[in-house]
Amino acid sequence: MPTLLVVHHSPTRGVRALTDAVLAGTRDEAIEGVDVVERPALEATAEDVLAADGYLLGTPANFGYMSGALKHFFDSTFLRVGGALSSTGAAEESAGATAGRPFGLYVHGRYDTQGAVRSVLSIVGALGWRQAAEVLEVLGDVTGEHRAAAYELGGTLAALLSP
């Protein structure tokens, strides 16, 4: 059975609301045959990534960047899941073990999400992951419309993996 890994850092009501909606979307009754595994970013492992067929990532935008917890997730798994570094230590595009797998991203911020989105896209690009849906960027209070978009994002990624 295909596995969708949801890795998130949800320390605020806003990100938690988006995460809950994403997870509900992944488990929509119309989607069958997909195992959804949820991991807080500080608990997700390289083994989780290697065992998954697709990924959903969620983070607040903190000081113009992804959360430290999601950065830790990438730092602790990057090389083990197929990432590569150049001789300068910069991330290099990889054809590693997880290249080509689909991913989705949702980011919540109070004032700006661009830096957080850019930083995540840079890392997943180096891993060779394939963006399977528009990034969900939410500024300010999370509304019903945002929750619906998060539900759709979760459902989209799960449906892509459904046999």
Side-chain angles (χ1 to χ4, degrees), residues 1-61 66-67 69-74 76-78 80-83 94-109 113 116-139 141-163:
M1 179 180 310
T3 300
L4 176 60
L5 176 62
V6 180
V7 177
H8 63 92
H9 183 59
S10 301
T12 65
R13 280 190 318 260
V15 182
R16 184 74 243 174
L18 294 173
T19 297
D20 289 345
V22 161
L23 289 168
T26 67
R27 297 178 174 126
D28 186 284
E29 64 185 36
I31 302 167
E32 297 179 358
V34 177
D35 184 25
V36 177
V37 175
E38 174 195 1
R39 293 282 187 268
L42 292 174
E43 297 174 20
T45 66
E47 289 75 20
D48 292 327
V49 176
L50 292 169
D53 301 289
Y55 314 99
L56 260 167
L57 307 167
T59 183
M66 73 179 94
S67 70
L70 192 62
K71 177 70 165 71
H72 171 78
F73 161 72
F74 285 126
S76 63
T77 63
F78 185 80
R80 293 188 53 212
V81 303
S94 172
T98 60
R101 294 182 188 174
F103 80 93
L105 171 64
Y106 58 100
V107 179
H108 177 263
T113 57
V117 170
R118 185 175 44 255
S119 62
V120 172
L121 293 181
S122 175
I123 294 170
V124 298
L127 287 168
W129 294 0
R130 177 177 50 84
Q131 187 171 344
E134 292 279 329
V135 175
L136 176 58
E137 297 180 63
V138 176
L139 286 174
D141 294 334
V142 175
T143 66
E145 184 177 317
H146 297 132
R147 285 184 186 88
Y151 186 96
E152 183 177 331
L153 176 62
T156 297
L157 265 290
L160 284 172
L161 297 178
S162 183

Results of side-chain contact (heavy atoms from CB on, under 4.5 Å) for E134 - residues two or more places apart only
none

Could you walk me through whether V7 and E43 pass side chain to side chain contact (heavy atoms under 4.5 Å, CB included), step by step?
CA-CA 9 Å; V7 177; E43 297 174 20; over 6 Å; no

Heavy-atom nearest pair, H146 first then L18, reads O-CD2, 3.9 Å

The reported gap from CZ in F78 to CD1 in I123 (rounded to nearest 0.5 angstrom) is 7.5 Å

Atom of V15, atom of P60 and distance for their closest heavy-atom approach
CG2-CB, 3.8 Å

Min side-chain heavy-atom separation W129-V49 under 4.5 Å:
yes

Let me see the working for V107 and L136 under side chain to side chain contact (heavy atoms under 4.5 Å, CB included), right down to the final yes or no.
CA-CA 6 Å; V107 179; L136 176 58; over 6 Å; no

State which residues pass side-chain contact (heavy atoms from CB on, under 4.5 Å) with D35; sequence neighbours excluded, sorted by chain then number.
M1, T3, V37

Shortest non-hydrogen contact between A158 and T26, atoms and distance:
CB-O, 3.6 Å

In short, A133 meets L157 closest at the heavy-atom pair CB-CD2, 4.1 Å

What verdict does the side chain to side chain contact (heavy atoms under 4.5 Å, CB included) test give for V120 and L57, after you've listed the backbone C-alpha separation in whole Å, the side-chain angles of each residue and the deciding distance to 0.1 Å?
CA-CA 9 Å; V120 172; L57 307 167; 4.0 Å; yes

With sequence neighbours excluded, give me every side-chain hydrogen bond (donor to acceptor under 3.5 Å, both in side chains) pair touching residues 48-60.
R39-D48, T45-D48, Y55-R101, T59-S67

Residues in ring pair (Phe, Tyr, Trp, His ring centres under 6.0 Å) with F103, at least two apart?
none

Please find the pair of heavy atoms, one from S119 and one from M66, that lie closest to each other, and give the distance.
OG-CE, 3.4 Å

Find out whether L5 and L56 are in side-chain contact, i.e. whether some heavy atom of one side chain is under 4.5 Å from a heavy atom of the other.
no

If you measure from CD on Q131 to CG on L105, what distance do you get to the nearest 0.5 Å?
7.5 Å

Does any pair with a residue in residues 151-163 pass side-chain hydrogen bond (donor to acceptor under 3.5 Å, both in side chains), and if so which ones, sequence neighbours excluded?
D28-Y151

Shortest non-hydrogen contact from V138 toward T113
O-CG2, 3.9 Å

Around atom CZ of R27, are there more than 12 heavy atoms from other residues, nucleotides or ligands closer than 6.0 Å?
yes

Let's go through E38 and H8 carefully: what are the C-alpha distance in whole Å and the side-chain angles of both, what is the deciding distance for side-chain hydrogen bond (donor to acceptor under 3.5 Å, both in side chains) to 0.1 Å, and is it a yes or a no?
CA-CA 8 Å; E38 174 195 1; H8 63 92; 2.8 Å; yes

Using the rule given for side chain to side chain contact (heavy atoms under 4.5 Å, CB included), can you reason through L42 versus F73, listing the C-alpha separation, both sets of side-chain angles and the distance that settles it, and then say yes or no?
CA-CA 6 Å; L42 292 174; F73 161 72; over 6 Å; no

State, with a plain yes or no, whether a side-chain heavy atom of Y106 is found less than 4.5 Å away from one of V135.
no

Residues in side-chain hydrogen bond (donor to acceptor under 3.5 Å, both in side chains) contact with R118, at least two apart in sequence or another chain:
none

CD/E47: more than 12 non-hydrogen atoms of other groups inside 6.0 Å
yes

